[in-house]
Amino acid sequence: MAKVEKSQHEWRQELTPEQYRVLREKGTEAPFSGEYEHVFEPGTYRCAGCGTELFDSDAKYDSGCGWPAFSAPAGDDAVEEETDTTHGMVRTEVLCASCGGHLGHVFPDGPNPTGLRYCVNSAALKLDER
């Protein structure tokens, strides 16, 4: 997958302040405040920064966590994972594989068959409805 590389100035010009804070500064939106938390329309969730396909609506479910939750990414190369040790916790951070934008975190408490919960900030996503 081709990597998207832009300067911080370019990112600031292209993203809203909230998208920049989440995607480029690893911020988190307040729980239950995101645009896509309770949206279950069919479609493809893309990176708000670069447009890469990240998640399909078929994998979205209501986890009750306060953020959009998905049981699996759209493909094996859609996201990357890194260890996140901020805030006194050890978590697995999820990043867009194309632009490196922060999406959220993945936890091992999701539904079958994956058992995973990709907890993602709405500000990091753009839904293309089918």
Just wondering, do [Y] and [X] contact through their side chains at under 4.5 Å, heavy atoms?
| X | Y | result |
| --- | --- | --- |
| N112 | T114 | no |
| C50 | C96 | yes |
| T28 | V22 | no |
| C47 | C99 | yes |

| said: Strictly by salt bridge (charged side-chain N to carboxylate O under 4.0 Å, His left out), give each pair with a member in residues 104-124 just once, sequence neighbours left out. | reply: D109-R117
| What pairs of residues pass the salt bridge (charged side-chain N to carboxylate O under 4.0 Å, His left out) test when at least one of them lies in residues 17-28, not counting sequence neighbours? | R12-E25, E18-R21, K26-E93
Could you state the interatomic distance from [atom1] ([X]) to [atom2] ([Y]), rounded to the nearest 0.5 Å?
| X | Y | atom1 | atom2 | answer |
| --- | --- | --- | --- | --- |
| E80 | L95 | CD | CG | 6.5 Å |
| E10 | E14 | CD | CD | 6.5 Å |
| E53 | K126 | CD | NZ | 15.5 Å |
| T92 | E82 | OG1 | CD | 10.5 Å |

| query | Quick one: side chain to side chain donor-acceptor pair (under 3.5 Å) partners of S57, sequence neighbours excluded? | reply | R130
Can you list the other members of the hydrophobic cluster that holds [X], where links are side-chain heavy atoms under 4.5 angstrom apart?
| X | result |
| --- | --- |
| Y61 | none |
| W67 | none |
| L23 | V4, W11, L15, Y20, Y36, V39, Y45, L54, F55, F70, V79, V94, L103, V106, L116, Y118, V120, L125, L127 |

What is the minimum heavy-atom distance between [X] and [Y], and which atoms define it?
| X | Y | value |
| --- | --- | --- |
| A78 | A74 | CB-N, 4.4 Å |
| G49 | K6 | O-NZ, 4.2 Å |
| P68 | S122 | CG-OG, 3.4 Å |

| task | For the pair D62 (side chain) and G64 (backbone), establish whether a donor and an acceptor sit closer than 3.5 Å, ignoring hydrogens and angles. | result | yes
| query | Does the pair E129 and T44 meet the rule for a side chain to side chain contact (heavy atoms under 4.5 Å, CB included), with working shown? | reply | CA-CA 6 Å; E129 292 186 31; T44 300; over 6 Å; no
| message | Quick check on Q8: does its CD atom have over 12 non-hydrogen neighbours (other residues, nucleotides or ligands) under 6.0 Å away? | response | yes
| field | Aromatic plane relationship, H102 with H105 - under 30° parallel, 30 to 60° tilted, over 60° perpendicular | value | perpendicular
